[in-house]
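Just so we're on the same page: letters track the sequence lines, and every chain starts at 1.
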Amino acid sequence: MNSQTYSAPAQDPLLTGLNDKQLEAVTLPHQSALILAGAGSGKTRVLTARIAWLIQTGQVSPTGLLAVTFTNKAAKEMLTRITASLPINTRGMWVGTFHGLCNRLLRAHHREAGLPASFQILDIADQLSVIKRLMKLMNVDDEKFPPKQVQNFINGCKDEGLRAHAVDAYDPHSQKMREIFEEYDKQCQRDGVADFAELLLRCYELLARDANIRQHYQSRFKYILVDEFQDTNQLQYLWLKLLTGHGDDAKHNCMFAVGDDDQSIYGFRGARVGNMRDFEKDFNIQHIVKLEENYRSHSNILDAANAIISHNTNRLGKNLWTAAGAGEPVRVYDAYNDTDEAQFIVDEIKMLHCEGTSLGDIALLYRSNAQSRILEHALFSANLPYRVYGGLRFFERAEIKHALAYMRLIANAHDDTALLRVINFPTRGIGARSLEQLQASARTDNCSIWQAAINKVGNGAFSTHGVNRAGTKGIEGFVALIRQMVDEAYGISLPELAELATTMSGLTAHYENDREGEDRIENLKELVTAAVSFTNQDFGNHNNVDGETEQDLLTQFLSHASLEAGEHQADVGREALQLMTVHASKGLEFKAVFISGLEEGLCPHEQSLYENSGLEEERRLMYVAVTRARQRLYLSHAQSRMLHGKVRYGIPSRFLDEIPEELLKRLNAKPVARSGGARDYSELPAMMSKQQSSNQKNAMPWKIGQQVAHSKFGNGVVVSYEGNANDMRVQVNFGREGLKWLALEFAKLIPI
DNA sequence: CTTACGTGAGTTTTT
DNA sequence: CTCACGTAAG
């Protein structure tokens, strides 16, 4: 390695504790580099140390670098760590998500980007409603063109950097899709809104089109650091290339990309693992550093993960190892059915908990959300506290979106999506007919619905005489309300504004009359609280750097609400088991991990087998799941499972076969006979639907929780067992005498 | 404008 | 099975 640029003093606090590879990555010379960071290899540490090191050695100023992540959480984490290691002000630093940074850039140059200063951001739900509305207007058959599919199409195109006109369409169906896409973009433009993908595409196009702005940022950002590079999509990569000045003749800036091709699990959303190889080639990467030392798991777990992932082809190549010992074997449980599987998990959790593992350090992972139900049921019955990740987040809740819609209308009443959301909520007698009329006149006049409403009720002076159609009164009321809100909003603080949006709109009153509105009112109050803390914490956070325009706090808050929808669930204080999909578990770690539902058809998922390289992504998913565990890993599968109201019989996942038997401890059944060669899975889908003869699980001699008496140790309770019918050992908790393993063959245990 | 019922779909989802 | 959504009736 070329170390002429800098030689690290060994005692440098930034660099102490780094292993050789980490140190190498952190102190790489001034060139683009690719860091292959395995799970639990200290990736974030390296990324932040790199930033700190670059700054501290004077190679770059804090404002001269850009660090981009996928999640707000990761961005925050990075900022926190930077602040902890360097006495610098992170304000004005460009550390954030792709969307957050693009938003920031677009706000600063909204005119050049062709957007209003207070443009709003559509989340997926908003976007879908725009599409549905538009399709109705265009008279498109939503049977032939399911709105969700249209949405995926539009986002998919944008993620590849394509506008409607650039999309190939040779058949009527795709031509229609393209047409909707085009109309959709026009509609958004008129509303002054941008969807998630639009933020990136708009930003990309701006940089591509406007040489001044491009060069400005290119000369500013000497270093670009990218986290989770394997998850970047086509457009994100193009954006990065543009920012580094890659396409231009001038020598380009440095890109420091950190990623793990084995953890690429978002291909279905447009992520391109291939970007890693492209990066290597496009940037003529001289430095690929592999971080393979894992600080998380014992080696049995890592070896299992390595074995599984080695079945993938075309990897960049990496093998995790650890200085920690082998640890416990990976436990495998062959359940009779899904209920049995859930019960097994509950029993094991009870035991782990008895032994002192805190519930919050235990995760239950599954491939699809539907699997959580049965687990929840079992946990609930056992009185075990749990927390399910997923579902609606704070800013996605209906009542919150309603309040935000009022706030959006205060910022810009021409926002059709916001208007339609609340024009009749709380109800004010505006029915479908009057709405249709409004939408129709908006379309004829090519104006916003707000404008159409104003035209209808007259500008300012309300004419209550003459023909008053049913809806007019309601519309008048709505127009007056919004105007009044805008008036009142003038000069007040953001929390006051949030308060205004929840009360003056009638939302609070509406929910007060609702029997089940209590929680919603609580949430609305919480929204005001969120506005308070946003005001305090983010005040000046987006200060004028570099000609950024001062955007009002309201717009900032609304962007924040869209871009950072909040935690998935708030009750963090309580000690609770963590239930989540494997996708949601990425980046997390737990002392003990249960991966359930390891059956063909579920994991790998049936659907994935029809997609090309679908199986490999499923395997990466399994790899991610396995590498979450620090000490103990349970893999379970059920011989039968209730799915879509029918009993399905599944065979164990092929991924189980890919783990060497010596790493496993089969908790009940005898190991599946290994046929030496690979199993033939080609006819699986057919097999799945057939009913196989189910071999009954061996009867367990001792159930967990069974009370027993022992001549020497006294009374106890069975907490665990292992082995098979001939050679069974049970673990018994004798209270004061402690936990004992007893071989059933010798120990005289009497059930009581 | 609610409420009830029928219908159909049902992987994963950082922003 | 279970949820979300759309349509019909009250």
- Task: Take nucleotides 1-10 of chain C nucleotide by nucleotide from the 5' end and write B, S or -, depending on whether a protein heavy atom sits under 4.0 Å from the base, only from the sugar-phosphate, or from neither.
- Result: BSS-------
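- Under the rule for a salt bridge (charged side-chain N to carboxylate O under 4.0 Å, His left out), the partners of A:Glu589 that lie at least two apart in sequence or sit in another chain are A:Arg296, A:Arg630.
- At a cut-off of 3.5 angstrom, the base of B:dT15 holds no donor-acceptor pair with the side chain of A:Arg393.
- When the C1' atom is compared between C:dC3 and B:dT14, the two are found 25 Å apart, to the nearest whole Å.
- Atom NZ of A:Lys401 and atom CD of A:Glu396 lie 7.5 Å apart (nearest 0.5 Å).
- Here A:Glu143 lies out of heavy-atom contact (under 4.0 Å) with every strand.
- For A:Leu563, counting side-chain heavy atoms from C-beta on, the closest listed nucleotide (B:dT15, B:dT14, B:dT13) is B:dT15.
- The glycosidic torsion of B:dT12 lies more than 90° away from 0, placing the base in the anti range.
- Annotation: ring-ring contact (aromatic ring centres under 6.0 Å, His included) contacts of A:Phe279 (sequence neighbours excluded): A:Phe229, A:Phe283.
- A:Asp123 comes within contact range of no nucleotide atom at all, as no heavy-atom separation falls under 4.0 Å.
- At the heavy-atom level, A:Glu611 lies under 4.0 Å from base atoms of the strands shown.
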Report each atom pair, protein N/O against N/O of nucleotides 1-9 of chain B, whose distance is under 3.5 angstrom.
residue : atom : partner  : partner atom : Å
B:dC1   : OP1  : A:Asn424 : ND2          : 2.4

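- Take A:Ser505 and apply the side-chain contact (heavy atoms from CB on, under 4.5 Å) test, not counting sequence neighbours, and it matches A:Tyr406, A:Met485, A:Leu507.
- The shortest distance between the side-chain N/O atoms of A:Ser368 and the OP1/OP2 oxygens of B:dG10 is not below 4.0 Å.
- In this structure A:Phe380 satisfies the ring-ring contact (aromatic ring centres under 6.0 Å, His included) test with no other residue, sequence neighbours excluded.
- The side chain of A:Asn72 lies closest to B:dT15, out of B:dT12, B:dT15, B:dT11.
- Listed by chain and number, the residues in a side-chain contact (heavy atoms from CB on, under 4.5 Å) with A:Thr417 are A:Leu122, A:Asp126, A:Ser129, A:Val130, A:Arg133, A:Asp191, A:Arg408, A:Asp415 (sequence neighbours excluded).
- Separating the P atom of C:dA4 from that of B:dT13 is a span of 15 Å, rounded to the nearest Å.
- Every residue meeting the ring-ring contact (aromatic ring centres under 6.0 Å, His included) condition with A:Phe70, not counting sequence neighbours, appears here in chain and number order: A:Phe98.
- Listed by chain and number, the residues in a ring-ring contact (aromatic ring centres under 6.0 Å, His included) with A:Phe145 are A:His173 (sequence neighbours excluded).
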